[in-house]
Amino acid sequence: MSGSTYKRCTCRDESGRLLDRRCPDLRKSDHGSWFYDLRNDGRRARKGGFATKREAQDALDDVKRRARRGDPVNQKQTTGEWLEEWFAGKRKLRRTTAASYRDHLDRYLIPGLGSVPLDKLRTGHIAQLYLDIEAGNATRERPVGPATIHRIHATLRSALTAAVKQRRIEFNPALYVELPEVIRKRAEPWEADELGRFLDEAVKERLGAIFEVIALTGLRRGEAVGLRWRDVDLEERTLTVVQQVVIVDNRPEIAAAAKTKAGEYRKVDLDEGTVGVLMAHRLQQDLGRAQWGEAWQDNDLVFCREDGSVMNPRYVWRRQQAIAKRAGLPAKRVHDLRHGAASLQLAADVPLVVVSKRLGHASIAITADLYTHLLKGVGRDAAEKAAALVPRAQRGPILDPSAPERPCGEPDEKAFPQVTRRTPGRIRTDTDQILSPVPLSSWATGAP
């Protein structure tokens with residue numbers, strides 16, 4: 001591998017031929033431009049337009065490094081081209097994740113960064129994109145919040161990390177962008193008595209049992225909608241979360257549920273009351289199946305549309321709003337039923353690790369961060385129980401009932417014989433040899 005730098009211009013002689021490197025004016029610093037020339041295994045790469053010899057040499061050194069790694073030295077790729085290539089190579093994405101990536105690329109990343117050469121992409125480009133997105137919220141019907149910007153950034157960071165691994169770029173500029181702070185909304189589920197009123201009203205609905213399951217097991221909305229009868233064991237009083245229903249392109253689709261760290265699907269125990277509700281729901285569903293006859297779509301779903309087809313998870317939210325309104329309750333999200341299930345278990349002194357496993361959290365830290373102290377009185381009960389474990393003869397100061405009461409703030413002369421009055425610049429005491437002591441009465445009243 002060999003390479004060199006040289007200077008050339010576009011001046012011509014009397015016959016119209018380019019002087020190229022023969023031009024006598026090339027000795028001048030402001031005449032012509034610098035080029036590099038690389039030869040490697042019979043292949044040649046040249047590039048010009050550099051203002052100085054140092055710039056041309058730096059570019060040549062960079063091309064040599066890429067050539068030694070086996071990278072194509074003549075390939076110039078924009079950020080948009082790389083993002084498309086990266087996305088096309090993602091073969092193991094879930095449908096929802098793929099849809100999310102595609103949306104981020106089409107709406108924000110390619111329009112904002114697509115024309116920037118990949119090897120020239122810097123942190124400043126990315127930071128400016130996010131500032132432009134936030135500025136555009138003034139005209140958007142649905143503003144793009146900090147949480148969405150974090151998700152967009154995660155997509156870009158993943159794509160650029162792949163570019164680094166494939167040695168398309170030297171470093172990942174997305175790692176150094178300062179993102180807007182995400183303020184997590186505080187979970188505010190219904191209190192236990194409010195939840196009871198809601199569930200009492202929900203039993204009047206055809207799908208009332210789904211709210212019972214979510215509220216007492218903590219299943220996610222999509223997990224509940226995707227629950228199959230084969231995954232419910234009424235005798236053992238358990239259910240297993242194997243699949244879920246997700247929304248892709250505004251249509252419900254069945255997708256696999258996440259597995260635990262052990263590679264198993266999450267198993268959730270059921271209380272006796274919920275088992276009874278599910279048995280009644282199954283009898284009701286059997287009657288509906290008989291009425292539909294051959295038109296019934298047998299998807300083995302516990303909660304489905306009237307004809308057995310897959311139900312849109314958004315329908316559950318609409319029914320919840322209607323039920324809450326009838327019960328005179330404040331509007332809540334379906335996910336707040338999951339929050340409530342967690343807080344109820346914590347209030348019932350269920351160990352945090354058990355709650356975390358029932359909810360399907362990846363870490364017990366997530367459970368501790370999200371769901372402690374959600375119900376009124378949980379923290380107070382914890383404080384009382386902790387204090388009760390400490391044996392005490394008496395709590396608080398031991399008071400002499402025969403001692404006369406003093407006004408609040410007046411010091412005890414016997415306890416503090418040295419204290420008098422504080423004046424600007426010094427503290428006066430009865431041991432001061434320059435100033436006479438100040439009576440305590442004037443200290444308490446503030447008199448001079």
Side-chain angles (χ1 to χ4, degrees), residues 1-6 33-133 144 148-179:
M1 181 187 301
S2 62
S4 61
T5 60
Y6 59 91
S33 59
W34 285 90
F35 287 71
Y36 71 72
D37 188 351
L38 175 69
R39 293 177 176 83
N40 182 29
D41 295 334
R43 298 181 180 180
R44 191 174 184 180
R46 288 182 293 182
K47 184 177 180 181
F50 300 100
T52 65
K53 183 178 181 179
R54 180 72 265 170
E55 291 181 8
Q57 186 63 48
D58 290 343
L60 175 61
D61 293 341
D62 179 64
V63 170
K64 285 182 177 180
R65 284 193 296 269
R66 285 189 283 150
R68 292 189 186 100
R69 295 194 304 255
D71 298 340
V73 296
N74 281 325
Q75 182 178 356
K76 288 298 178 182
Q77 193 174 39
T78 65
T79 301
E81 291 170 344
W82 166 248
L83 290 174
E84 291 288 4
E85 180 181 338
W86 166 78
F87 182 75
K90 303 294 286 185
R91 302 183 181 277
K92 296 182 180 180
L93 293 178
R94 293 188 177 188
R95 290 269 294 168
T96 50
T97 305
S100 177
Y101 283 175
R102 186 73 261 173
D103 183 68
H104 295 164
L105 296 183
D106 293 341
R107 286 178 180 264
Y108 310 106
L109 297 176
I110 292 179
L113 303 173
S115 61
V116 181
L118 180 61
D119 59 347
K120 301 295 183 183
L121 183 66
R122 296 295 181 264
T123 300
H125 295 113
I126 303 171
Q128 186 60 49
L129 169 65
Y130 299 152
L131 291 176
D132 293 340
I133 292 175
V144 179
T148 302
I149 291 180
H150 276 251
R151 289 191 288 269
I152 296 170
H153 184 70
T155 301
L156 177 62
R157 188 179 65 242
S158 177
L160 295 180
T161 297
V164 173
K165 291 180 179 179
Q166 295 187 25
R167 296 179 293 192
R168 305 295 182 94
I169 54 178
E170 296 292 335
F171 68 99
N172 186 344
L175 297 178
Y176 311 103
V177 179
E178 184 174 349
L179 299 176

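In this text the structure is predicted, and so the values were computed from the model without any measurement.
Relative orientation of the Y101 and W86 rings is tilted, given thresholds of 30° and 60° on the angle between their planes. Between Y130 and H153, the ring planes lie perpendicular to each other; the angle is over 60°, past the 30° to 60° tilted range.
A distance of 4.5 Å separates NZ of K90 from OG of S158, quoted to the nearest 0.5 Å. The OG atom of S115 sits 14.5 Å away from atom NZ of K120, with the distance rounded to the nearest 0.5 Å. Taking CZ of F50 as the reference point, atom CD of Q57 lies at 10.5 Å (rounded to 0.5 Å). Separation of atoms NE2 (H150) and OG1 (T148) is listed at 10.0 Å; rounding is to 0.5 Å.
A distance-only check finds a donor-acceptor pair linking the side chain of T123 to the backbone of P173 [under 3.5 Å]. Remark: the backbone N or O of A163 is not paired with any side-chain donor or acceptor of Q166 at under 3.5 angstrom. Listed for the W82 side chain is a donor-acceptor partner under 3.5 Å among the backbone atoms of A159. No donor-acceptor pair closer than 3.5 Å links the side chain of T79 to the backbone N or O of G114. Checking side-chain atoms of T97 against main-chain N and O of L93 turns up no donor-acceptor pair under 3.5 Å. The backbone N or O of R122 sits less than 3.5 Å from a side-chain atom of H125, completing a donor-acceptor pair. Looking at D132, its side chain never comes within 3.5 Å of a backbone N or O of G112 through a donor-acceptor pair.
F87 places a side-chain heavy atom less than 4.5 Å from the side chain of L105. L109 places a side-chain heavy atom less than 4.5 Å from the side chain of T155. I110 is listed as a side-chain neighbour of E84, based on a closest heavy-atom distance under 4.5 Å. A heavy-atom distance below 4.5 Å is not found between the side chains of E170 and V164.
Around the CZ atom of R107, the shell of radius 6.0 Å holds no more than 12 heavy atoms that belong to other residues, nucleotides or ligands.
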Notebook entry, point to check: Could you go step by step and tell me if Y108 and V144 meet the side-chain contact (heavy atoms from CB on, under 4.5 Å) rule?
Noted result: CA-CA 11 Å; Y108 310 106; V144 179; 3.5 Å; yes
Checklist line | Full working for side-chain contact (heavy atoms from CB on, under 4.5 Å) between L129 and I152 | finding: CA-CA 11 Å; L129 169 65; I152 296 170; 5.6 Å; no
Item checked: CA sep, side-chain torsions, deciding dist, call: L156, L83, side-chain contact (heavy atoms from CB on, under 4.5 Å) -> CA-CA 8 Å; L156 177 62; L83 290 174; 4.2 Å; yes
Next item on the list: Check the pair L113 / L121 against side-chain contact (heavy atoms from CB on, under 4.5 Å), numbers first and verdict last.
Entry: CA-CA 8 Å; L113 303 173; L121 183 66; 4.2 Å; yes
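At a cut-off of 3.5 Å, with distance as the only test, no side-chain donor of D37 or S4 sits close to an acceptor on the other residue.
A salt bridge links R168 to E85: one of the charged nitrogens lies within less than 4.0 Å of a carboxylate oxygen.
What you find for R157 and N172 is that their closest heavy atoms are O-ND2, 3.3 Å.
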